[in-house]
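Everything on this sheet refers to the single structure shown next.
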Amino acid sequence: MRLNRSVREGLTDLLLAGPATAVMVLLIFLPVGIVAVLSFTDYQFGAASFRWVGWDNYRAILADPFGRRALVNTLTYAAITIPASISLGLLVAIGLHGLTRHQPRLAAVLRAVYFLPVAATLVAMAVAWQMILHPTLGLVNQALGAAGLEGPSWLSDRALVIWTLAAIGIWQSVGYNMVLFLAGLAAIPPHLYDAAAVDGADRPWDRFWTVTWPMLGPVTLFVTVVTATSAFRVFETVATLTQGGPAFASDVLVYAIYREGFVYFKAGHASALTMVFFALVLLFTALKFRVLETQVHYR
Amino acid sequence: MIELRNLSRHYGATRVLDGVSLTLEPGRFTALLGPSGCGKSTLLRLVAGLDRPSTGQILFDGRDVAQESPSERNVAMVFQAYALYPHLTVAQNIALPLAMRRLGRLGRSPLGALSPAVRRTRATLARDVRAVAELLEIVPLLARKPAQLSGGQQQRVALARALVRDPSVFLLDEPLSNLDARLRIQMRAELVALHRRTGHTFLYVTHDQAEAMAMAERIAVMLDGRIAQVGSPRALYERPATCDVAGFIGAHPINLIPGPPEGGLPPALASGQPAPERPLVVGLRPEHLTPAADGPVQGRLDRVAFQGDVQVLGLRLEADGTPLRATAPPDWPAPDAGSAVRLGYRPEHLHLFDAAHGTRIANPGEESSCA
Ligand SMILES: Nc1ncnc2c1ncn2[C@@H]1O[C@H](COP(=O)(O)OP(=O)(O)OP(=O)(O)O)[C@@H](O)[C@H]1O
Ligand SMILES: [Mg+2]
């Protein structure tokens with residue numbers, strides 16, 4: 001018996017997409033569902049039973065100054081790193097793109113240098129940062145001392161630590177953003193710049209706003225989403241350099257999840273934190289695509 | 001008036017333009033005609049100010065423009081690939097050159113809407129855009145993005161963007177090469193009409209001799225980075241200055257037949273007229289070589305191509321087998337391939353070229369008319 005053509009095609013589609021979808025449901029949606037359920041309980045790892053506590057875990061996150069701290073710190077960290085690493089990445093990319101025409105060798109070397117932090121693991125790099133930022137022996141404060149200034153303790157000053165971590169985050173992601181922007185710049189048709197010059201947009205500032213920035217739209221959207229998600233997920237630097245300290249001044253969502261879940265085994269609390277984190281990332285991504293998608297693909 | 005004086009452009013060791021001199025008279029439609037890769041776009045970019053000559057001068061109304069940017073030269077250019085801004089609507093594309101000139105940075109930004117002066121300027125911009133859109137019949141497209149337009153429509157938008165201001169010269173780089181044959185013919189006529197209506201100076205680059213002949217008042221033929229000849233379409237056709245120009249102009253490729261080394265006409269063509277006694281190459285256009293019962297040329301027919309208004313004949317000379325092209329009226333009864341055909345021509349249609357340099361030698365028949 002021959003099946004109807006549309007049924008056959010449907011079966012083929014199912015066969016192709018089915019297994020991956022099944023695995024995804026099993027490994028992502030199911031655990032997320034379980035986490036969502038756990039976030040309404042007081043479950044502890046290893047405990048034999050649990051109690052429904054309703055919204056208590058969420059209320060605790062918002063009421064507890066330390067819980068709020070993690071949320072505010074994460075948002076602060078994101079608010080610093082996202083714009084800074086995008087604009088620096090773009091700036092470096094434009095510089096290197098221009099340099100490639102006159103000094104291709106030098107541009108290639110610089111490109112590799114900027115990309116190095118992306119290739120290196122952050123945990124290993126953290127050791128280096130620890131030494132550089134050491135209050136008395138560190139390179140930074142030695143240099144400041146030589147210049148007659150007293151350097152602060154970068155990682156143990158409560159007001160400063162989140163900025164220090166953000167700076168490391170920027171250092172790490174600028175190279176990645178630069179590579180993406182470089183690809184975007186190379187894809188801009190040169191005749192658009194010619195047209196802009198003829199139309200009167202021939203100074204660098206006008207060229208940038210007439211051609212470069214609008215033509216980079218899709219790349220910028222992608223870079224923003226990638227940078228934002230990695231900023232919200234910040235963990236390695238906190239775990240290796242500060243453990244959330246001093247006094248929770250550098251506590252962030254993912255580190256709090258790890259601490260609550262894997263150090264204190266408070267699965268319910270950790271699950272609620274996870275859901276907050278999820279909501280944040282999802283909200284941000286949806287907003288980005290909703291608002292920007294229609295504006296960057298010019299059709 | 002625009003004068004190009006002895007322009008050269010090298011890329012490293014490759015010499016793309018080699019001593020180009022050309023004068024564009026105000027209000028004239030000049031075509032720059034040449035095969036692909038001869039340096040036409042390079043020359044156009046030099047005139048526009050998008051590139052600098054290695055040596056030589058460009059004068060706009062007697063003023064050296066070496067230090068001036070394209071917008072200071074006030075050139076308008078239509079690019080081969082149109083180069084519309086994909087993120088702007090058609091109306092915004094057309095308005096951009098005006099906005100760049102008439103509005104400051106603040107006026108172009110969204111904040112500009114707060115100032116009444118800027119609002120007034122923007123209103124006049126919109127009026128100018130509308131006027132040029134009406135001229136080119138693209139009013140219904142004004143709100144679309146370039147990606148939503150056909151090639152022909154994009155072309156009109158590119159023209160509108162160039163036309164919307166009052167430029168010193170219009171530079172068009174093969175603007176019709178992406179269109180289908182029918183639209184191309186239509187746009188040719190429209191461009192010529194546009195030139196008449198606006199009275200601007202046009203420099204029109206093309207590799208299509210039929211296009212140049214149909215549109216231009218003057219044609220500059222460019223071969224290998226040099227201007228080979230400048231003249232009216234008729235002058236280029238009737239008195240090509242070199243073998244190469246003769247080979248490039250004309251719907252059917254010209255026959256170029258070498259004469260005997262001791263000089264004079266090739267014996268197969270000789271019909272008794274006098275000829276200079278030096279080595280020659282003789283040019284004879286297919287449209288001037290036609291079947292004639294008592295013609296002096298004896299050929300053998302290879303093939304016949306019927307083209308509606310004309311039949312193109314491929315032949316070989318009976319004497320030495322030299323291939324020849326000829327034409328016949330559409331109602332000529334073509335014999336079978338391999339038949340002997342007699343052909344005739346009028347002596348004044350012979351073009352004589354020096355065999356060594358390819359330069360034109362005055363035809364005995366033409367001297368009387370030229371004098
Ligand atoms: N940037 C460059 N570097 C080296 N050579 C170049 C460069 N730009 C152009 N050329 C060479 O200059 C010559 C002329 O180029 P140009 O674009 O002016 O040709 P064209 O007459 O416009 O041809 P077409 O009809 O195909 O557009 C070509 O042989 C090309 O290879
Ligand atoms: Mg070209």
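Remember, predicted model here, so these are calculated numbers, not experimental data. First the proteins, then the strands, lettered A, B, ... as listed; each starts at 1.
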Task: Nearest-0.5 Å distance that lies between atom OH in Tyr85(B) and atom OG1 in Thr210(A) - done: 6.5 Å
TODO: Select one option (side chain, backbone, both, neither) describing which atoms of Leu84(B) are under 4.5 Å from chain A's heavy atoms.
DONE: backbone
TODO: Name the option with the most non-hydrogen atom pairs under 4.5 Å to chain A; the candidates are Ala162(B), Ala83(B), Gly49(B), Ala158(B).
DONE: Ala83(B)
Open item on the list: Are more than 12 heavy atoms, taken from residues, nucleotides or ligands other than Phe222(A), located less than 6.0 Å from that residue's CZ atom?
Closed with: no
TODO: Answer with side chain, backbone, both or neither: which region of Arg45(B) has an atom nearer than 4.5 Å to a non-hydrogen atom of chain A?
DONE: side chain
Task: CH2 (Trp171(A)) with more than 12 external heavy atoms under 6.0 Å - done: yes
TODO: Could you look at Ala99(B) and say if it's the side chain, the backbone, both or neither that has a heavy atom under 4.5 Å from chain A?
DONE: neither
Task: Arg165(B), part contacting chain A, at a heavy-atom distance under 4.5 Å - done: side chain
Open item on the list: Non-hydrogen contacts under 4.5 angstrom with chain B: give the residues of residues 13-20 of chain A involved, or none if there are none.
Closed with: none
Open item on the list: On a heavy-atom basis, which atom in Gly200(A) and which in Ser71(B) lie closest, and how many Å separate them?
Closed with: CA-CB, 3.5 Å
Task: Flag if over 12 foreign heavy atoms under 6.0 Å of CZ, Phe235(A) - done: yes
Task: Contact summary for Asp202(A) and Pro70(B), nearest pair of heavy atoms - done: OD2-CD, 4.2 Å
Open item on the list: Between Asp199(A) and Arg101(B), does any side-chain N to carboxylate O distance fall below 4.0 Å?
Closed with: no
Open item on the list: Is there a side-chain contact between Leu192(A) and Pro86(B) in this structure, where contact means two heavy atoms from C-beta onward sitting under 4.5 Å apart?
Closed with: yes
Task: Spatial distance of atom NE2 (His191(A)) from atom CG (Leu50(B)) [nearest 0.5 Å] - done: 12.5 Å
TODO: Under 4.5 Å, counting heavy-atom pairs only, tell me which of Arg161(B), Met77(B), Glu72(B) racks up the most with chain A.
DONE: Arg161(B)
